[in-house]
Amino acid sequence: MRLSRYFLPVLKENPAEAQIVSHRLMLRAGMIKQAASGIYSWLPLGYRVLRNIERIVHEEQQRAGHIPMLMPTLQSADLWRESGRYDDYGEEMLRVTDRHGRDMLYGPTNEELITDIFRSHVGSYRDLPLTLYHIQWKFRDEVRPRFGVMRGREFYMKDGYNFDLTEADAKHAYNRHLVSYLRTYERMGLQAIPMKAEGGPIGGDYTHEFLVLAETGESGVFYDSEITDLRFGHREIDYDDAPACQAVLEEFTSRYARTDDTHDEAVFNERVPEARRRQARGIEVGQIFYFGTKYSEPMGATVADKDGNRVPVHMGSHGIGVSRLTGAIIEASHDDKGIIWPEGVTPFHCGIVNLKQGDTKADAACEALYASVAALGLEALYDDTEERAGAKFATQDLIGLPWRITVGPRGLKNGVVELTSRRTGESEEMPPAAAIERIAQVYGKAASI
RNA sequence: CGGGCCGUGGCGCAGCCUGGUUAGCGCGUCCGUCUGGGGGACGGAAGGUCGCGAGUUCGAAUCUCGCCGGCCCGACCA
C-alpha cells in the first residue's frame, strides 16, 4: 500500500478522551474512531489488525478440529426465556422490540442459539463429538464503557461450543481448547496465562481465564513466577490425543495462578515459595468453560445413546475477545513512541520510507523494494508522501510496523538501504536485496530474487 | 447507578469567575518558496450554530435552569 493513497489519519497529540495507552495509541495511529460510548468504527489500519487476529483465531480453531459457522447478532427473546437467562442477564442485555412488538435482543453471547441449532439437527451419539464456533459482534450494555476497545459495549468475539456424550469427552474438549488457546495467543506474540476463574453469568465452575499481564489490566492476579517461563512453542500436538492434551493442561495449570475473584491467600502462601509469589494486573483475553448439562437439560438438547436412551449432552463454551485483543496486544507491546506490533498481527509486514520523494534514484529503489515485498506475498506500507524524514519516522514508530526499510540518496550512493527493527531500534545497512532476504526470513517466506 | 469533572474550527487548549468591538493560541489542513537522514523555516489562506433548548439582560461562549454527550473514581463486567 502506498501511504499517499491510503487512509491513515494519525494524530500528533493525545485525544483527551483516552486515558490508557492502548486507547491513546489506537486513536493516534488512526485505527479507530468512537461512534458512540463503547462503540467504535475500525479505520483501515485497525481493521487490518482486527482481521489478522481473527484469521489466527480461525486457523487455530480449525487446526483443533472446530467447525466455523455464523450466528446472527439479533436474537429472539423466546430462547432466552426458555433457558431462564432473559431475566438473569439484567440490564447488561440490550433489548429491542421489532415492529410486531416481539421482544428481541442484541446477543451478548450465543449459548441459547447454538443449543437450539443443536437440538434441531443432532439426535444421535454418532454425531458427537461436535464443536462449533463463530466470530461475531456481541453487545453488552456496560454501565461504564472505558479503555477504548478493551471494554467497549460492542465487541468482536470468537465463541465456541462443544457437545459431547460424556463428561470425560467434554473434559477432553475443554483441554483441547486450552491447548489451542495457548497456541493462538502465542502466535499473536502474547503470553496469556490460564488462571482459575469464576463462572460468572455463563455458568459452570470448571473454567479458566486467560490473562495477559499488563499494568492497566482490570483484574488483580496472583501467580507463581515459574508460570511465566512456560511456552507452548512450536511443539506438535495431536488434538485427538486426550492424554497429550491433558498433559498440557496439567503443565500450564498446575502452578498457582488466580485472579482476585478466586484468589486464596492461605493457599497461595502454602503452595508458592515466597520468592516466587507475584502479584500483578492482567487483561482477560479469553475464557473456557465446561458446564455439563446446564443448558442441554432445560432446553432439551439430548441425543440417543447406544442403548437408545435420550441423554442430555455435555457442553462447554469458550471465548476469545478478538476486538479486545487489539488493545491487549498494544498494552503488552509498545514504547513511548508508539505501538510495536508482533509480526503475527502487524497491519503491514514492513514499512518503506523514502527519505527524498522525487529523487529519481530513491524513488526507483523504493518502487523496486515495494515490488519485491509484494512478490514475497507480503505487504509493505510505502511512505511515498512529501513529508520530511522526521515526520515519516515518527509515523512509522507510532503505527508500529515491526520492520522499516529506509531509503535515501546518501545510502544509495553506497548501494545500501537501512533495515530497522521497531522492537530493538537497531538499524543495519545492507543492499536492498539483502533487506528483502531478511524480511522474507522473518516471515518464513522464500526470497526469489 | 452513586460521587467528581468536562463540552469553544479536525486535534489539544485559553477566554467564562468579574456579560460589552471582527472569539484567540498551538498542532493539523490547503497554496507558495527555501529545505531535506528523527514531527524544519518563512509567507499567505481556508475552517467555529462556543453541545442543544429555554430563561435573565439593552447585550450571553461568559449568568440561571433543563436536556444531550463525554471523561475519571466507585459498584459491575470478556
Side-chain angles (χ1 to χ4, degrees), chain A residues 9-20 23-24 27-28 30 33-39 89-93 107-110 136-159 181 192 195 197-202 207-212 217-219 259-261 282-289 317-328 337-338 353-359 362 383 385-398 404-413 416-418 420 425 427 429:
Chain A
V10 297
L11 267 32
K12 203 164 168 177
E13 288 170 280
N14 282 322
E17 71 196 68
Q19 301 302 316
I20 66 164
H23 190 193
R24 278 205 302 268
L27 289 167
R28 283 195 54 207
K33 181 180 191 322
Q34 179 165 304
S37 178
I39 302 176
Y89 232 97
E91 297 285 300
E92 293 264 294
M93 187 152 71
T109 176
N110 293 71
Q136 178 61 291
W137 291 96
K138 313 271 193 299
F139 196 93
R140 290 183 196 167
D141 198 0
E142 295 282 343
V143 199
R144 191 187 154 207
R146 60 188 127 167
F147 305 153
V149 300
M150 296 253 292
R151 192 171 162 194
R153 292 193 293 171
E154 187 183 52
F155 56 100
Y156 201 47
M157 172 178 176
K158 170 258 161 182
D159 49 320
Y181 276 29
M195 300 198 181
E198 286 282 357
I202 308 279
T207 174
H208 282 91
E209 287 181 333
F210 288 76
L211 286 107
V212 174
E218 75 277 48
S219 313
T259 62
D260 41 21
D261 291 337
I283 302 165
E284 194 195 326
V285 292
Q287 187 161 9
I288 55 178
F289 300 89
S317 76
H318 333 87
I320 293 181
V322 174
S323 49
R324 156 175 278 208
L325 271 165
T326 316
K337 294 182 196 152
V353 171
N354 189 343
L355 290 176
K356 193 165 184 183
Q357 201 66 37
D359 178 275
D383 190 342
T385 66
E386 300 290 341
E387 285 296 326
R388 300 175 59 84
K392 290 189 175 187
F393 289 143
T395 298
Q396 289 279 327
D397 289 342
L398 174 62
R404 185 184 81 210
I405 305 175
T406 309
V407 180
R410 188 193 293 175
L412 287 176
K413 241 176 247 174
V416 297
V417 297
E418 198 177 84
T420 306
S427 285
E429 293 196 328

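Since this is a predicted model, take the numbers as computed values, not measurements. We use all heavy atoms of the structure for the numbers below, so side chains are in, but hydrogens, waters and symmetry mates are not. In the text below, chain A, chain B and the rest are named by the order of the sequence lines, each starting its count at 1.
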Compare all side-chain heavy atoms of A:His208 with those of A:Phe289 and state whether any distance is below 4.5 angstrom. no

For the pair A:Thr420 (side chain) and A:Ser427 (backbone), establish whether a donor and an acceptor sit closer than 3.5 Å, ignoring hydrogens and angles. no

Watson-Crick/G-U partner (both atom distances under 3.5 Å) of B:A60: none

In whole Å, measure the gap between the P atoms of B:A54 and B:U29 for me. 38 Å

Could you tell me whether the side chains of A:Thr207 and A:Gln287 share a donor-acceptor contact shorter than 3.5 Å? yes

Looking across every strand, which nucleic acid part, if any, lies under 4.0 Å from A:Asp359 by heavy atom: base, sugar-phosphate, or nothing? nothing

Report the C-alpha separation of A:Ile320 and A:Val285 in whole Å, then their side-chain angles, then the decisive distance to 0.1 Å, and conclude whether the side-chain contact (heavy atoms from CB on, under 4.5 Å) test is met. CA-CA 6 Å; A:Ile320 293 181; A:Val285 292; 5.9 Å; no

Could you identify the nucleotide paired to B:G32, looking across every strand shown and requiring Watson-Crick or G-U wobble geometry with both distances under 3.5 Å? B:C42

B:A45 to B:C67 separation - C1' atoms, rounded to the nearest Å: 39 Å

Heavy atoms only: give me the nearest A:Met150-A:Arg324 pair and the separation to one decimal. O-NH2, 2.8 Å

Sticking with atom P, work out how far B:A41 lies from B:G26, rounded to a whole angstrom. 12 Å

Per-nt protein contacts along nucleotides 41-48 of chain B (heavy atom under 4.0 Å; B base, S backbone sugar-phosphate only, - none) come out as --------

Watson-Crick or G-U wobble partner of B:A75, both distances under 3.5 Å: none

Tell me whether A:Lys392 contacts the main-chain N or O of A:Thr385 through its side chain, where contact means a donor paired with an acceptor under 3.5 Å. yes

Polar atoms only, N or O, under 3.5 Å: list the protein pairs with nucleotides 69-73 of chain B and their distances.
from  : atom 1 : to       : atom 2 : distance (Å)
B:G70 : OP1    : A:Ser37  : N      : 2.7
B:C71 : O2'    : A:Gln19  : NE2    : 3.3
B:C73 : OP2    : A:Arg144 : NH2    : 2.4

Rounded distance in Å - CE (A:Met157) to C1' (B:C77): 12 Å

Establish whether the base of B:C77 is bridged to the side chain of A:Arg151 by a donor-acceptor pair shorter than 3.5 Å. yes

Could you run through nucleotides 24-40 of chain B and give me one letter per nucleotide, 5' to 3': B if any protein heavy atom sits under 4.0 Å from the base, S if only the sugar-phosphate is that close, - if neither? --BSSS-----BBBBBB

Same-atom distance (P) from B:U8 to B:G15, integer angstrom: 14 Å

What's the gap between B:U33 and B:G69 when it is taken at their P atoms, as a whole Å value? 49 Å

NZ/NE/NH1/NH2 to OD/OE distance under 4.0 Å, A:Glu154 and A:Lys138: no

A:Glu218 CD to B:C77 P, in whole Å, measures 12 Å

If we ignore hydrogens and angles and just use 3.5 Å, is the side chain of A:Lys356 paired with the main-chain N or O of A:Pro409 as donor and acceptor? no

Scan A:Gly152 against the nucleic acid and name what it touches under 4.0 Å (heavy atoms): base, sugar-phosphate only, or nothing. base

Check: A:Ser37 main-chain N/O paired with A:Arg153 side-chain donor or acceptor under 3.5 Å: yes

Strictly by Watson-Crick or wobble contacts shorter than 3.5 Å, is anything paired with B:G53, and which nucleotide is it? B:C65

May I ask which nucleotide in the shown strands pairs with B:C11, Watson-Crick or G-U wobble, both distances under 3.5 Å? B:G26

Mind checking the C1' distance from B:G24 to B:A61? Whole angstroms is fine. 12 Å

Counting only N and O atoms by type, is there a donor-acceptor contact under 3.5 Å from the side chain of A:Gln19 to the main-chain atoms of A:Ala16? yes

Do A:Gln34 and A:Ile39 come within less than 4.5 Å of each other through their side chains, counting heavy atoms only? no

Got more than 12 heavy atoms from elsewhere within 6.0 Å of CD, A:Glu91? no

Let's go through A:Arg151 and A:Glu218 carefully: what are the C-alpha distance in whole Å and the side-chain angles of both, what is the deciding distance for salt bridge (charged side-chain N to carboxylate O under 4.0 Å, His left out) to 0.1 Å, and is it a yes or a no? CA-CA 10 Å; A:Arg151 192 171 162 194; A:Glu218 75 277 48; over 6 Å; no

Identified pairing partner of B:C5, criterion: Watson-Crick or G-U wobble below 3.5 Å: B:G70

Tell which nucleotide pairs with B:U21, taking only Watson-Crick or G-U wobble pairs whose two distances are both under 3.5 angstrom. none

Whole-angstrom distance between B:U49 and B:C68, as gauged at atom C1': 16 Å

Suppose you measure atom C1' in B:U57 against the same atom in B:C63; what distance do you get, rounded to whole Å? 10 Å

